[in-house]
Amino acid sequence: MTTTLVTTSQATTSQATTSQATTSQATPSQATPTQVRATCPHDCPDTCALLITVQDGVATEVKGDPEHPTTAGVLCTKVARYTERTYHPERLLHPLRRVGKKGEGRFERISWDQALDEIATRLGAIAARTPQAVLPYSYAGTMGLVQGDSMSMRFFHHMGASLLDRTICATAGFTGYKYTIGATIGTDLEQFQNAKLIIIWGGNPIASNLHFWMRAQEAKRHGARLIAIDPYRSLTAEKCHQHIALLPGTDAALALGLMHVLVNENLTDAAYIAEHTLGFAQLAERAAEWTPERTAETCGISVDEVVGLAREYGATARRGEPVAIRVNYGVQRVHGGGMAVRNISCLPALVGAWRHAAGGIQLSASGGFPVNRAGLQRPDLIKGAPRTINMSTIGDDLLRDSSPGFGPKIEALVIYNSNPVAVAPESGVVKRGFEREDLFTVVLEHFQTDTADYADIVLPATTQLEHVDAHSAYGHLYMMANNAAIAPLGEAKSNAEIFRLLAARMGYDDPCFKESDEQLAAQAFDNKHVRAVHFDWDSLKRRGWQKLNMQDAPFAEGGFPTPSGKCEFYSASMLADGLDPVPAYIAPHESVASNPALAARYPLAMISPPARNFLNSTFVNVQSLRAGEGEPHLDIHPDDSAARGIANGEMVRIFNDRGSFVARARVTPKARAGLVVGLSVWWKKLASDGKNANEVTSQRLTDMGRAPTFYDTLVQVEKAAA
Ligand SMILES: Nc1nc2c(c(=O)[nH]1)N[C@H]1C(S)=C(S)[C@@H](COP(=O)(O)OP(=O)(O)OC[C@H]3O[C@@H](n4cnc5c(=O)[nH]c(N)nc54)[C@H](O)[C@@H]3O)O[C@H]1N2
Ligand SMILES: Nc1nc2c(c(=O)[nH]1)N[C@H]1C(S)=C(S)[C@@H](COP(=O)(O)OP(=O)(O)OC[C@H]3O[C@@H](n4cnc5c(=O)[nH]c(N)nc54)[C@H](O)[C@@H]3O)O[C@H]1N2
Ligand code: SF4
Ligand SMILES: [Mo]
């Protein structure tokens, strides 16, 4: 079949309404199918280039663009089924007002006029008195620069609402990485296939970074060795040459042990260290304390694993071959998560790995993008000096009264691009906060999520196929465009349009509240910046993507964007921020070694990393993807299940002082002894007990970056009562 490629204006003029969208698949095709260039909006490093086939105003197929260098025509299982999500029979198609109790999920249909009037009246009244009592709550449901935070931020800034500290994912590691390297810039994804040794540290790319895994496979075909460092035998760890299953939260110690061996056995790159690093003497002194024996004991692994890994890393680099580390989010969700990423990001400079384009480390590529945040979000509009609320402690903060330290009690929440009732830690407390009858809650959503059940007003939002956007990425170096492929379903509106309408209703008359989604997208990147110098929106949306203008081996000649211009083994900034300026080990809040009293009651460490068929809590309600996961499971080692009389396939209860949830036990050595794994994040209402793994996670924060500690959790497991 022949298709023509079109851009937004053409695509959106074909007027698909919901009824047409759902029925016209059955009618014989009238027009030639067209293809629209789009971008995957999800919180995934890969930010794939999509081609959407549209027939008679209906999106019939979503494919990966074969010409986009990192997408290479391949999509993950989730987004390959995108039309199933878009045309899901449970899509929210018109505004709703709550008629039942909070959380009960009973709503009545209202018009947009009624919804906007009610929100403007209630928010307006609170804002007139105490603007900081209003809190926006959003994360990365879409990573779009327009439908993420542009018009929304302008709206809340102008109001003088509380600011939100968006910490729930990556701020611990980002902080540690930036102290060391200076910015979240690292090895380009498009180089990894040339590495000779790849360490996959705290990540499961087969599930969550597929297009990196494709490159790693390519490297393997050329003789590279792959090593996974992960307490769990993930899909990825299973396919690597070696898997080092350390205890959760001990990665910083392993990195110190590697430094010890590298220094002791003279496997470092003295010339690179002398020219491009700061504080080697202090690092060496600290590393001297971390003998392989001490490291092995702290990490719960063997001395051979520590020494073997250090020798392989150092000797491969010494031979002049590229050694690369892909460090991911698994290492960060513990007390010492920031320090762990910092220690790991010292390793490439120690062995001179940055000399090669295919050497070094990648945490995130996001720091390369000159996103024009000031233009999109207009921080200059901020009224007064509003306080900042940490999204990771939303449970506690919703339950706080006004006080001098905290400021005013939170009276209104406006939630978009996030599902906090499912994803935020210590869910029992979060739920109590959301249940408050005196809290006015507005939720912009595609679906009636666990969070939407607590809304006073629910507003239907468009999906990526229905709106325009511009994207940066955090796993590759392309600026990306998303054209709208189809018209909005039902009465759905884009986030930016909803905030534009609310601004008008509330009488905000700054001209910036009139800018269209297209005008916002056109401002997404700073085209005066050397890396985006040729950016213009019209050509980006025609071509789909444009690579940043960046050097292949970013730190081959040093030039780290740190205060000293060097890779900082010693960081004066850390000292100024009250942290140890030299790589250190910070033990978990909750572990057998660090908290034996707690471990006496709750002896098992629990982690809840991403499930392959879900994206955080997105897609859990898509039937075919949920079928791929089945139901909530808990992986438990045979020794631990035997000690509790638990058989494979039995229902178990996982609990600690914060709460409990049930799951079906999978008895498997994939979970090391002492560890249980509950792949996440389930919609609570789709689990048999209406709960998920966040019932037992805590609101304690990381050492730096104010981030959550999801994988720093001790629990006990028992057979569930019948
Ligand atoms: N399919 C899918 N893809 C996703 C997501 C998803 O939910 N589903 N989520 C997206 C988001 S928001 C993010 S932030 C990224 C996350 O990306 P990643 O961080 O790569 O997440 P995972 O792929 O689960 O890998 C985390 C791995 O770390 C391991 N781990 C847990 N604790 C520790 C530890 O203390 N040390 C070490 N070394 N390893 C540990 C876990 O067992 C798990 O295998 O993925 C994105 N992509
Ligand atoms: N136990 C445990 N908890 C975790 C994690 C874990 O590993 N374990 N991972 C954590 C991590 S890394 C992250 S990033 C967070 C993620 O937390 P969230 O960012 O809240 O991610 P999602 O759960 O995917 O929820 C995103 C919601 O946004 C909606 N959405 C998508 N696009 C749009 C749009 O254009 N407009 C509007 N209005 N809505 C839209 C989707 O329908 C979805 O319901 O969860 C964290 N929670
Ligand atoms: S979720 Fe990730 S791998 Fe899947 S299509 Fe989107 S960007 Fe690509
Ligand atoms: Mo995340």
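Start at 1 and go down the list; that is how both ligands and their atoms are numbered. We count residues from 1, following the sequence as given. All figures in this text were calculated on a predicted structure; none of them were measured in a lab.
- Near His211, meaning under 4.0 Å from one of its heavy atoms, ligand 3 places the atoms 3 (S), 8 (Fe).
- Remark: minimum distance from atom 1 (S) of ligand 3 to any protein heavy atom is reached at Cys76 SG, 3.6 Å.
- The residue among Ser608, Ala422, Ala170 with a heavy atom at the shortest distance from atom 2 (C) of ligand 2 is Ser608.
- Using a 4.0 Å cut-off to heavy atoms of Thr449, the atoms of ligand 2 that qualify are 44 (O).
- A ring-centre distance under 6.0 Å is found for His68 and His476.
- Distances from ligand 2 to the non-hydrogen atoms of Thr462 include at least one value under 4.0 Å.
- Checking only distances, Ser617 does come within under 3.5 Å of ligand 2, N or O to N or O.
- If you look at Leu444 next to ligand 2, the close heavy atoms, those under 4.0 Å, come from the backbone and the side chain alike.
- For ligand 2, the atoms closer than 4.0 angstrom to any heavy atom of Ala140 are 19 (O).
- Under 4.0 Å from ligand 2, the heavy atoms of Tyr711 that appear belong solely to its side chain.
- When non-hydrogen atoms are compared, ligand 2 lies under 4.0 Å from neither the backbone nor the side chain of Gln448.
- At least one heavy atom of Thr47 sits less than 4.0 Å from an atom of ligand 3.
- Aromatic ring centres of Phe156 and Phe499 lie closer together than 6.0 Å.
- Checking only distances, Leu615 does come within under 3.5 Å of ligand 2, N or O to N or O.
- Not a single heavy atom of Lys493 lies less than 4.0 angstrom from ligand 2.
- Residue contact check: Arg85 has heavy atoms under 4.0 Å from atoms 41 (C), 42 (O) of ligand 2.
- Of all the heavy atoms in Glu118 and Phe440, the pair that sits closest is O-CZ, 4.4 Å.
- Nearest protein heavy-atom neighbour of atom 32 (N) of ligand 2: His446 CE1, 3.1 Å.
- Stacking of Arg333 on the aromatic ring of Tyr711 is recorded, both the 6.0 Å distance cut-off and the 45° axial limit being met.
- For the pair His446 (side chain) and Thr462 (backbone), a donor-acceptor distance under 3.5 Å is present.
- To the nearest 0.5 angstrom, Ser364 atom OG is 4.5 Å from Tyr329 atom OH.
- The shortest N/O to N/O separation between Arg333 and ligand 2 does not fall below 3.5 Å.
- Side-chain contact check for Thr47 versus Met143: every heavy-atom pair is 4.5 Å or farther apart.
- Nearest protein heavy-atom neighbour of atom 5 (S) of ligand 3: Val79 CB, 3.4 Å.
- Gln362 contributes no side-chain N or O that, together with a main-chain N or O of Asp188, makes up a donor-acceptor pair within less than 3.5 Å.
- Within 6.0 Å of NZ on Lys431 lie no more than 12 heavy atoms contributed by other residues, nucleotides or ligands.
- With hydrogens left out, the protein atom closest to atom 2 (Fe) of ligand 3 is Cys44 SG, 2.3 Å, a heavy atom.
- If you check each of Leu459, Val443, Asn692, Asn616 against atom 11 (C) of ligand 2, the one with the closest non-hydrogen atom is Asn616.
- With a heavy-atom cut-off of 4.0 Å, Thr618 touches ligand 2 through backbone and side chain alike.
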*Show your reasoning for whether side chain to side chain donor-acceptor pair (under 3.5 Å) applies to Tyr177 and Gln332.*
CA-CA 11 Å; Tyr177 193 87; Gln332 304 183 21; over 6 Å; no
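- When heavy-atom distances to ligand 2 are checked against a 4.0 Å cut-off, Val423 comes that close through both its backbone and its side chain.
- In this structure the side chain of Asp149 reaches within 4.5 angstrom of the side chain of Arg166, judged on heavy atoms.
- Ligand 2 places these atoms under 4.0 Å from at least one heavy atom of Tyr139: 14 (S), 19 (O).
- Residue contacts to atom 2 (Fe) of ligand 3: Cys48 brings no N, O or S atom closer than 2.8 Å.
- Between Ser698 and the choices Asp712, Thr709, Val429, Thr713, the side-chain contact (heavy atoms from CB on, under 4.5 Å) rule is met once, by Thr709.
- Regarding atom 43 (C) of ligand 2, its nearest protein heavy-atom neighbour is Glu445 OE2, 3.3 Å.
- A cation-pi arrangement is present between Arg85 and Phe619, with the terminal nitrogen or guanidinium carbon under 6.0 Å from the aromatic centre and inside a 45° cone about the axis.
- Which parts of ligand 2 touch His467 is read off a 4.0 Å heavy-atom cut-off, strictly below it: atoms 35 (O).
- A donor-acceptor contact shorter than 3.5 Å is absent between the side chain of Asn328 and the backbone of Ile200.
- Counting only heavy atoms of the protein, atom 10 (C) of ligand 2 lies nearest to Phe710 CE1, 3.7 Å.
- No part of Gln464 comes within 4.0 Å of ligand 2, judged by heavy-atom distances.
- Any N or O atom pair closer than 3.5 Å counts here, and Asn417 shares at least one such pair with ligand 2.
- In terms of protein heavy-atom proximity, atom 15 (C) of ligand 2 is closest to Ile168 CG2, 3.8 Å.
- Panel note: side chain Ser427, backbone Val430; no donor-acceptor pair is recorded below 3.5 Å.
- Asn209 is listed as a side-chain neighbour of Asp46, based on a closest heavy-atom distance under 4.5 Å.
- Within the structure, the closest approach of His42 to ligand 2 does not fall below 4.0 Å when heavy atoms are considered.
- The backbone N or O of Val74 lies less than 3.5 Å from a partner atom in the side chain of His211, making a donor-acceptor pair.
- Every atom of ligand 2 is numbered from 1 in the order shown, and the set under 4.0 Å from a heavy atom of Cys169 is 12 (S), 14 (S).
- Ligand 2 has a nitrogen or oxygen under 3.5 angstrom from a nitrogen or oxygen of Asn694.
- Every atom of ligand 2 is numbered from 1 in the order shown, and the set under 4.0 Å from a heavy atom of Asp43 is 14 (S).
- Here Ser418 has heavy atoms under 4.0 Å from ligand 2 in both its backbone and its side chain.
- Heavy-atom contacts of Ala461 reach the following atoms of ligand 2: 36 (N), 37 (C), 38 (N) (cutoff under 4.0 Å).
- Side-chain contact between Ile52 and Val62 is present, with heavy atoms from C-beta onward closer than 4.5 Å.
- Among the atoms of Cys40, an N, O or S atom falls under 2.8 Å from atom 6 (Fe) of ligand 3.
- Annotation: Gln623, atom CD; neighbour count of heavy atoms from other residues, nucleotides and ligands within 6.0 Å does not exceed 12.
- Panel note: side chain Asn692, backbone Phe661; no donor-acceptor pair is recorded below 3.5 Å.
- Using a 4.0 Å cutoff on heavy atoms, Tyr329 does not count as a contact of ligand 2.
- The main-chain N or O of Ser617 is never found under 3.5 Å from a side-chain atom of Asn419 such that the two would form a donor-acceptor pair.
- Protein heavy atom closest to atom 26 (C) of ligand 2, with residue, atom name and distance, is Gly141 CA, 3.5 Å.
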